[in-house]
Amino acid sequence: MARIGVFVCHCGTNISATVDVKKVAEIAKGFPGVKFATDYRYMCSEPGQDLIQKMVKEHNLTRIVVAACSPSLHEKTFRTCTQNAGLNPYFFEMANIREQCSWVHDDREEATLKAIDIVKLATAKVGKNNPLQTTFIPVEKKVLIIGGGISGIQAAIDVAFNGFKAVIVEREPSIGGRMAMFDKTFPTLDCAACILTPKMVEVNQSDLIKLYTYSEVEEVSGYVGNFKVKIRRKARLVDENKCNGCGTCWQRCPVRLPSEFDMNLGKRKAIYVPFPQAVPNVPVIDQKHCLYINKKKCGICKKVCPFEAIDYEQEDEVIEEQFGAIIVATGFTMFDHSIYGEYGYGKYKNVTTGLHFERMLNSSGPTGGKIVRPSDGKEAKKVVFIQCVGSRDEARGMPYCSRLCCMYTAKQALLLKEHNPEAEAYVFYIDIRAAGKNYEEFVERVQDEYGATYLRGRVSKIFQRNGRLMVRGCDTLSGTQIEIDADLVVLATALIARPDAIKLAQMLHIPYDQNRLFTEAHPKLAPVETVTTGVFLTGACQSPKDIPDTVATASAASVKACGLLSHEKLPIDPQIARVDVEICSGCLACKEVCPFGAIEKEEIVDRVTQQKRWVAKVAPSLCNGCGACNTACRPGAIDLDGFTEEQIFGQIESLTADKGNER
Amino acid sequence: MKRLLKKEELNRLLLGLMKEYDVIAPIDEEGLILFRPVTKVEQVLWDYPNSLKPVKEFFLPPREVLFQFKRGKVQPANLSLKKRVIWGVRPCDARSLLLLDKVFLDSTQDVYYREKRKSTLLVGLSCNHPEKSCFCTSFASGPHHKEGMDLLIADLEEGIFLLESNSPEGEQLLKGRGKEVNKIDEKIRTKIKEKTERKIERKLKPSQFLERLTNGFDSSYWEKASRQCISCGICRYLCPTCHCFDIADEEGERVRFWDGCSFRNFTKMTSGENPRFGKRERFKQWYYHKFGYFKENHGVFLCVGCGRCLRNCPVKIDFSEVLQQLPAQAQTPAREG
Amino acid sequence: MLEQLRKKAKELLKNKEVEVIIGYQKSNNNSFTTPCFIESEDGVDRLTWDEHCVYNLSLYLKEVKGKVGIVAKGCDVKSIVALMQENQIDRDRIKIIALECQAQVDQEGQILEKCRTCQVHIPGMYDELVRSKTSPSKIESKESDKEYSVLEELEAKSTPERWQFWQRQFEKCIRCYACRQVCPLCYCSECISEKTAPQWILPSPSLKGNTTWNIVRAFHLAGRCIDCGECERVCPVNIPLRRLNKKMEKEIQTMFNYVPGLDSKKKPPLVDFRVDDPQEFIR
Amino acid sequence: MMKVAYYPGCSLHSTAREYDISFQLVCRKLGIELQEIPHWVCCGSSPAHVTSHLLSIALPCKNLILAEEMGLDTVVAPCAACFNRLKIAKQEVAEDSKLKKEVQEVLGKPSAGKIEVKHPLQVIIEDVGLKKVEEMTRRKLQGLRVASYYGCLLVRPPSVINFDDPEDPQSMDNLVSALGGEALPWAFKTECCGASFSLSETDIVFELSGEILNEALEAGAECILVACPLCQSNLDLRQKGIEKRRGKKFNLPILYFTELLGLALGMSMRQLGLSRHIVNPSKLLERKLAVT
Amino acid sequence: MNDNRSVKEKNLELKPSPEKVKIAAFLCKWCSYAGADLAGGSRKKYPPNVIVIRTSCSARTNPLFVWKSLEKGLDGVLVSGCHPGECHYSEGNYHTRRNFAVFRKLLEYIGIEPERFHMSWVSAAEGDKWAQVVKEVVKTVESAGPNTYFSKKKEDNA
């Protein structure tokens, strides 16, 4: 019979405020199998854990129940403590009397009664726990990085620096992501290309990093240490090995199209490289508009290419690779401002966004660095910046602040004045968020030195009057209404999740929140991890981040991933399914419901009848412990360690003991 | 003592019994003939072949609480129960209790069974219209036997009944009731008795059973004979003489309940070993216990010929046929099943 | 039809396609029809075919080893299909002699309820088919012949009334397990009712144990039972077991449009799912 | 034949008589039978909802009950303020059971629930349909350049009114183009005209209405179309004062959309009461539409 | 608390008030259990009648557990898991949905009041939805009253 020790935690006052912990310990002594029960202020603390180990020796306990917080917080802690006390780590159960009791009930009597029930449940379960041994599985020493922006690049570099292989899968023809579009970066006004390009080159040259550009992740299966990933390499119609990026092809291509990279302000060809410093510097053919592909005409690029790199018959290619860990660095996209009637529903050409302005600022951009009005190309002297377009707007279902728009707007105002000292910059804002290092000083400088006019108020309407944009708003600090006839309006639109974020989340089995941003394992204690071990998050796909934070989380994620890969083999959760061949009748219902294909049929010789028959067999490395097979199995031949039938049955029975099963 | 009673006199007797005893009698419950406690005379059935469940259920109940336990405190079941009368027992069932007495009262006494036997009077009703499946005459019994009863009622038709006591308590019940029995009544009664006995065409020769069984233990015949059986519990549960039971703990109660050697886990041991795993062994066991071992140990077959097993078998197995086709000599190859 | 059946059976035995044929026979002295196992050619004459061949012989397939011939009606064939769906039958060792069956009758000669709504008078799968020469007499259809009319009376009752009704029925149960033993789909070598750790089902015939047993049996047959009606026939205390299984069949058909026993390749419904399954009952 | 309850509101029987006349004529032409609500009361517009919220809800509910008792399923309110009040009252009572109980106590009857509140413009666009209106026009607007001014209550708040676009409404513009006129795109369609400050703080009206008139002129308008008596009076009555203050001639006639529609359907200026306007529209209309 | 009565008496003294309904909630540890924790974290208050039994996935919750709870006297049962498409094991909750779509029909058919069995999808981010679900479930189960299926009739042995 198990000798159970019950340890009731005060958790400071979090529990003892509404639960009479002394009474719970007292009553727990009466539960079947309980040989010792006490309460202590902080069970998870050093002295708390020592207390457990001391009591195990003193009362030679064989099972431990800790009544405290949620298992998601300290189940690991106490399992290790149980192991250190010389018991099997799985001879331990947690009774959650904080999140699911003391914090959610205020009547002391009721909360205490419920805490007692919860502890009774835990003691009933722990009595039936089996000793489980952790088993180990090999680890694939390679990290998959989804997304080739600055966060993916930084993560890859750090992973390679740790000596592990990394594979970047980037949807666009070149890595570089959003940052490649920027001119300068705040607060240091470093040129974005100058600090990004060397990292892109480093990634391209590193023999530990493999680049799959113009490619997408199609399917992910397996689990930590053994992810099997299918990657679709979309056909570029240009052979990467032969092409050296000389550019003859896209110079001669007759088709001119608006360039997405330049926010449709500039042009590109049907065969194009998105931007000059593209890595790999290999063009891609836009199959939708290429004359040869659609009408079998032209084909100039193939004729002029000195290295025969053009191959119109190139097909998509799906490759499958094994990975030990996955870092998600898919970044963000911009909020579509055309839903705002106040700003003209996107009708006015001169109402643009921060990215358009950034491309105009950029010397290699469509306007060669000149700030002009997209409508007629004339120079823009008076520019109005409008903050929080989409961000902090409950009515549009966008409650959060995008964190970095105030900073890039300040930078853009500064650069506007640098490019043209007579230019006037007006910034309509609600609150300036400049919390980073040297951020506040930067914004102050833009106002004092560069004379940007900051108007605290919302813009109520933008309308056109003889070619100029009339911006109506108010300045709440002076209490007056303002109307500015602007040449150009720049909207600081919000940073939101990628449109296909949910598809990727479901592929990776990671949760996401109501804004479709991926959810981290714990906002404070595990910001770059997810609940799915082996999958890590970096950059804006978790929540909007500026470059410094993005690089920080990229390095953090790579350290976490490398930490995983540095083990020779990984311990896998021993709470997996187990078949009792005596009972199994070989109907294989379990095989049908297993989401992981972890169950196969096996022929055995029956012990009693000595005849051959089919039974189910579980592959321990593939089983993730979901337990669907348990429900499908009618005779109950398959059981899930950690959540066995006996454990759950024991819990139900203990729950209803006082209900009196007497008739 | 013998007395002659008219129908209403018999009803008055029954009424009298109802005041003093708990009376259990055969009633029609949604098409099933079952022995149930009765409080009104009209409930009692008179012309019925035999009940579905034998009277064994009142002595070895389908489920009986031996004792209750809670938090270490044990509370035995109270054995004493109010005196009761089982009315309308057929001769074969009454005789079956004598066989059960050999099991539960001979050597070690089963207190639960004993108390029930002691506090129960049996008022039997002779059969005038036996079923085609009845064969009590082949097993030292008969439609008018009074063995095992306290009082036997013989229906002389035309509403007249000849009651014959068979025990002091029976006599007590009969005292001062009805009329003396004269010669003519006796003659009518023996005539009806012989007529009913002739109605029972199904004749078996149980005498050879024991000898056949001992020879045929290892014969491959059993493999063939057992194929048709689906190993359910009907023939075991509804047989008045089958008495095997299992014991389990259920929510604070130690209970005893019917079990059958037809079930696969009947002989399953904790280690998982199971001497009688196959259907062949389990099928055979029923025959050897009733017509082999019991005969050797107690000198009498464990069967009263009530025919319930023939009527209720889902696949219509007739055990007498199985036994008759069991080859007399062991070594001859099994004849075509 | 009988001569055809015997001729085909003799053929199968003669050229060793099967070692034994499971069929129906008239048991010699009394007038009952019972299952039989024929192993020699001349034993074939014992085979019979009439309206008392109610038994679903496919329940014997799990015990009879080697090459087996089986005489099967439309409903019996459906249970063979269901067994194939659950890897219990190796189709190549089975030879199915299917018979066109108009209807079977119970002991009082009444046509069985299940035959009134039968869709498989001509069995769906077989190796040999025996058709009746004369055009079968149509059973005069009654208004209650709609597929699930048997359930209407109970479904109309209120919840407490239904509870009373079933408690009354489950109280009669003596746990002889005939319903389990006769059912071809109850092939588990160790039924959950025999589990003691944990003791899911109280083993003794208490009201609570009987209720749990009947609920578990009904749920374990949900989406599998092909309504051969044998469980209701063999129950010694006449519990209307078909009404439990028929209800499950009706619900599964309405919700997932699945009818058991028609396609041996299909996955049984409770081990399958569709993304757009109904979930109006989930908050 | 479409039967509709008609809630004129105080201004259509006084300062905005021509809106009432033209609306009745247009409806008869388009086959809409108007039945004025007997004993209707004030709609509880701005003076009420500034003082007591309960009053501002109970008044319109009274009218809704009266309309429902006529057994009709739609009530039409030409004045934007009345339309707005009826709509808001119906929604607030439906959503707030405590308010509903209070209103019931005040009115002594269960408050209305089923009747639909519509603006005449909505009825013409949604129920009659522009195609039918186009077929019935007898006098095309010959490219008359019209700036449609919707005011601030006709299409807002969108969550309650949900008719047309709150930022850039198109319904009057579509009507104008359907009648052959030129609907000018301009930005001040829903800017505030100063509304009831017309009496208390007139220079605010001069400022705001002036902006609107100026913007319309800039956009090349020859006249401004309105759907609310208060907008009409501010733009029309105050136009002279504004011209003096801004030192700029506007001479923009301010017409109700029902008047313009009436002209298009063949009615004469006198019939439609156009003579009541301060800025005289007759010169423009004779020149453009050859109408007397 | 210095009374010296033996544990057993005290244990009895704490008998929960009979009319308070008792409900078991089988929560999947990835979503609904985490959602319940979040409700705790954000101090959402809800009635104490629901006791949580943690399972690996809602698919592990065998309908038999639900019946066993009702048979043993609980007044109501709630089974909760991740929203379809968000199951940590990708398909678990689809199977749960089918199992219980069928099982609840069986329960109703044999006469268990529908107010006693509930299902919900609660994600790890829906703390307030969990509190809301608990409130609704407790109210509904209370409307069905205490579970008397097997308790009131004396079980006869005859």
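Owing to the predicted nature of the structure, the values given are computational and were not obtained by experimental measurement.
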Residue pair [X] / [Y], side-chain heavy-atom distance below 4.5 Å:
X: C/Met255; Y: E/Arg98; value: no
X: E/Ile110; Y: C/Asn214; value: no
X: E/Phe150; Y: C/Gln167; value: yes

**Study point:** Residues of residues 32-62 of chain E contacting chain C, heavy-atom criterion under 4.5 Å, by residue number
**Key:**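 Those residues of residues 32-62 of chain E which would need a heavy atom under 4.5 Å from chain C do not exist here.
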
Review point. If you check every heavy atom in residues 112-124 of chain E against those of chain C, which residues fall under 4.5 Å?
Key: E/Ile112, E/Glu113, E/Pro114, E/His118, E/Met119, E/Ser120, E/Trp121

Practice item. Output yes when a side-chain donor or acceptor of E/Arg97 lies under 3.5 Å from a complementary backbone atom of C/Val275, and no otherwise. Key: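 Looks like yes, one N/O pair under 3.5 Å.
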
**Study point:** Heavy-atom donor-acceptor pair, C/Arg162 side chain to E/Tyr109 backbone, under 3.5 Å
**Key:** yes

Looking only at heavy atoms and a cut-off of under 4.5 Å, which of [options] has the most pairs with chain E?
options: C/Ile192, C/Leu270, C/Leu151; answer: C/Leu270
options: C/Glu155, C/Arg243, C/Lys157; answer: C/Arg243
options: C/Thr212, C/Val216, C/Ile252, C/Ile201; answer: C/Thr212
options: C/Ile215, C/Val271, C/Leu154, C/Leu244; answer: C/Ile215

Review point. Out of E/Val79, E/Leu64, E/Val133, which one racks up the most heavy-atom pairs below 4.5 Å with chain C?
Key: E/Leu64

**Study point:** Audit row: C/Asp277, E/Tyr94, side chain to side chain contact (heavy atoms under 4.5 Å, CB included) steps and yes/no
**Key:** CA-CA 8 Å; C/Asp277 275 342; E/Tyr94 294 132; 5.7 Å; no

Review point. If you count the non-hydrogen atoms of other residues, nucleotides and ligands that lie under 6.0 Å from CG in C/Asp90, is the total more than 12?
Key: yes

Exercise for review: Might you confirm whether atom CZ of C/Arg91 has over 12 heavy atoms from other residues, nucleotides or ligands at distances under 6.0 Å?
Suggested key: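 Yes, enclosed.
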
Exercise for review: Please test E/Val137 against C/Arg283 for side chain to side chain contact (heavy atoms under 4.5 Å, CB included), starting from the C-alpha separation and ending with a verdict.
Suggested key: CA-CA 10 Å; E/Val137 165; C/Arg283 286 169 200 280; 3.8 Å; yes

**Study point:** Those residues that, when tested against C/Tyr258, pass side-chain hydrogen bond (donor to acceptor under 3.5 Å, both in side chains) (two or more places apart)
**Key:**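 By the side-chain hydrogen bond (donor to acceptor under 3.5 Å, both in side chains) rule, C/Tyr258 matches C/Gln85.
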
Exercise for review: Look at the rings of C/Phe273 and E/His95 and say which category their plane angle falls in: under 30° parallel, 30 to 60° tilted, over 60° perpendicular.
Suggested key: perpendicular

Review point. Any idea how E/Tyr149 and C/Trp163 line up, ring-wise: parallel (<30°), tilted (30 to 60°), or perpendicular (>60°)?
Key: tilted

Practice item. Show your working on side chain to side chain contact (heavy atoms under 4.5 Å, CB included) between C/Met248 and E/Val102 and close with a plain yes or no. Key: CA-CA 7 Å; C/Met248 287 295 101; E/Val102 172; 3.6 Å; yes

Check your understanding: Is it the backbone or the side chain of C/Glu280 that comes under 4.5 Å from a heavy atom of chain E, or both, or neither?
Key ->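 Contact with chain E is through the side chain of C/Glu280 alone.
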
Practice item. Start with the C-alpha gap between E/Phe100 and C/Gln279, add the side-chain angles, then the distance that decides, and say whether side chain to side chain contact (heavy atoms under 4.5 Å, CB included) holds. Key: CA-CA 10 Å; E/Phe100 283 104; C/Gln279 59 174 20; over 6 Å; no

Exercise for review: Give me the contact list for residues 217-229 of chain C versus chain E, heavy atoms only, anything under 4.5 Å, ordered by residue number.
Suggested key: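 Interface residues of residues 217-229 of chain C: C/Ala218, C/Phe219, C/Ala222.
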
Practice item. Could you pull out the closest heavy-atom pair between C/Phe256 and E/Ala101, with the gap in Å? Key: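 So the two residues come closest at CZ-CB, 4.2 Å.
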
Point to revise | Least distance between heavy atoms, E/Lys105 atom then C/Lys247 atom | key: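 Closest pair (atom of E/Lys105, atom of C/Lys247, distance): O-CE, 4.5 Å.
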
Study note, to complete from the structure: Separation between NZ (E/Lys72) and NZ (C/Lys208), nearest 0.5 Å, reads 5.5 Å

